[in-house]
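Worth saying up front: this structure is predicted, and the values here are computed from it rather than measured. Only this structure's heavy atoms are used, side chains among them; waters, hydrogens and symmetry mates stay out.
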Amino acid sequence: MSRLHITTFLVVITILFTSCQEEKVPSAFKPRNDHEAYQHSLKQADLLNTALGIDWVEKAQKSLESPINISPSYEEVVYADEKEATAIGYRFQAKRGQKVQVTVAKLSVESLKTFVDLFRIDSPGKFRHVASANIKELLLGFEPRRDADYVLRFQPELLRGGQFKITIENVPTLTFPVAGKTASAIGSFWGADRDGGKRKHEGVDIFAKRGTPIIAPVTGYIRFAGERGIGGKVVWLRDSKRSQSLYFAHMNEIMVEKGERVNIGDTLGTVGNTGNARTTPPHLHFGIYQNGATNPITHLKAQGSKLKIVSDDLEYLGELVRVNRASRMSINSNGKQSIRLNKNQIAKIIGINHNQYKVELPDGNIGYVNRNIITSLYLPIEILYAEQDGHLLKKPDMHSTYAFVDTDERLSILGRDKDFWLIQNTEGKLGWITDDFKNARQNFTSDTPK
């Protein structure tokens, strides 16, 4: 090949290579969950840079960074305003062996997208997404592989609202292994002394009558079935789903064989007192092993408080109300942090649990108050008549003027927030006036309603 031909060939190759680089097609966006997919759709529709779109993204992040601390099991009915972006975060602890079970029920609007996502807190400010609820059924089940703090985020789509019941529970991952019994039948727990303190109890003892069926708490296969040492007649069952081994000892009778596959509820044998349990009442010694022995109690018994159901009385949900006496608002449902509320403070009811209202103050602070300190705005505190024109504010902020108060206009005083008062005029329009404006008696005459 001549030098000219070689030069021409190299030029062509260079052009082709450069063209390929310039025309490289970017990889398609692949969302990891429905929330990410919806956020991407907002971006594609040029809605993510709107005020409402920005607020939706910011509240999603804020719900993770400033969640409400709860102790499962917990239930709350919440209100999402269709005019505002809404996102709620619940922070709680979950332990290995427990299943985080979340149910969201739509109590009003059915045909809206609702996103329910679970995050593990790996370090301050670092959240790892671990599970999402099915966007249609709104059910989420997750089994932690280690003890950790988690945040559940609830967020509806933009411009849609309604009432939702959120239930968060920690439930056992294993079916109870002795037929007809519950955790109340456990008579000896993990860590108890054995052999005069020479060793510790690596399991729990479940007491029942001799011959009571022992059932498979998981689906798996039998690794061993027979007599072995101090355990007497024992069965080792491999839990394929969780990569752990379950140990059943002191059995009276074994009804499975090595290599046999079993399903949840299949009978493995019966309760007895073989091995070194000959001098004790019949019971099942049950243990769990995964890189060593682990406490079975969290796998068998629900942790935390008993679920307290929210009643059907949803009075005030989504409405503005006022506080009828000086009180305190708990920042979290457990009441460990609180802020002071003055009498007549205006608040919006955005949630209800079994004995509290969750309220949002005009400044955005959210917390819980007792139900008996809340009063409807139906009956005003005071009636004022304007003697000259003034400004009506959209929110308790001097820079939010949106209407005017006319001379002789009748104003119903409904409540306050710091140096501002919420009023309603004769047309039913709500707005705020300043404390100075209200107290300037040269501008108003007043009547107190009877």
Non-hydrogen atoms of Tyr150 and Pro144 that approach each other most closely: OH-CB, 3.3 Å
Distance-only side-chain donor-acceptor flag, Asn425 / Glu409, under 3.5 Å: yes
Where Pro217 and Thr175 come nearest, the two heavy atoms and their spacing: CB-O, 2.9 Å
From CD (Glu76) to CG (Asn353), nearest 0.5 Å: 6.0 Å
Phe127 CZ to Gln61 CD distance, which is reported to the nearest 0.5 Å: 6.5 Å
Between OG1 on residue Thr114 and CD on residue Gln155, distance to nearest 0.5 Å: 10.0 Å
Minimum heavy-atom distance Arg242-Val218, with the two atoms named: NH1-CG1, 3.5 Å
NZ/NE/NH1/NH2 to OD/OE distance under 4.0 Å, Asp205 and Lys181: no
Plane angle bin for His35 and Phe115 - parallel if under 30°, tilted between 30 and 60°, otherwise perpendicular: perpendicular
Parallel, tilted or perpendicular: rings of Phe404 and His391 (30°, 60°): tilted
Option passing side chain to side chain contact (heavy atoms under 4.5 Å, CB included) with Val359 (candidates Lys348, Met329, Gln345): Met329
Spacing of Leu341 atom CG and Arg325 atom CZ [to the nearest 0.5 Å]: 11.5 Å
Minimal non-hydrogen separation, Phe248 against Ile215, with atom names: CE2-O, 4.3 Å
Donor + acceptor pair across side chains of Tyr247, Glu202 (<3.5 Å): no
Heavy-atom pair with the smallest gap, counting every atom of Phe207 and Pro281: CE2-O, 3.9 Å
Flag side-chain contact, heavy atom, 4.5 Å: Lys395 against Phe420: no
Pairwise side-chain contact, Arg322 with Leu377, heavy-atom cut-off 4.5 Å (strictly under): yes
Nearest atoms (heavy-atom pairs only) where Pro282 meets Lys209: CB-C, 4.5 Å
Arg261 to Tyr221, cation-pi by 6.0 Å centre distance and 45° axis angle: no
Pairwise distance CG(Asn365) to CD1(Ile339) - rounded to 0.5 angstrom: 4.5 Å
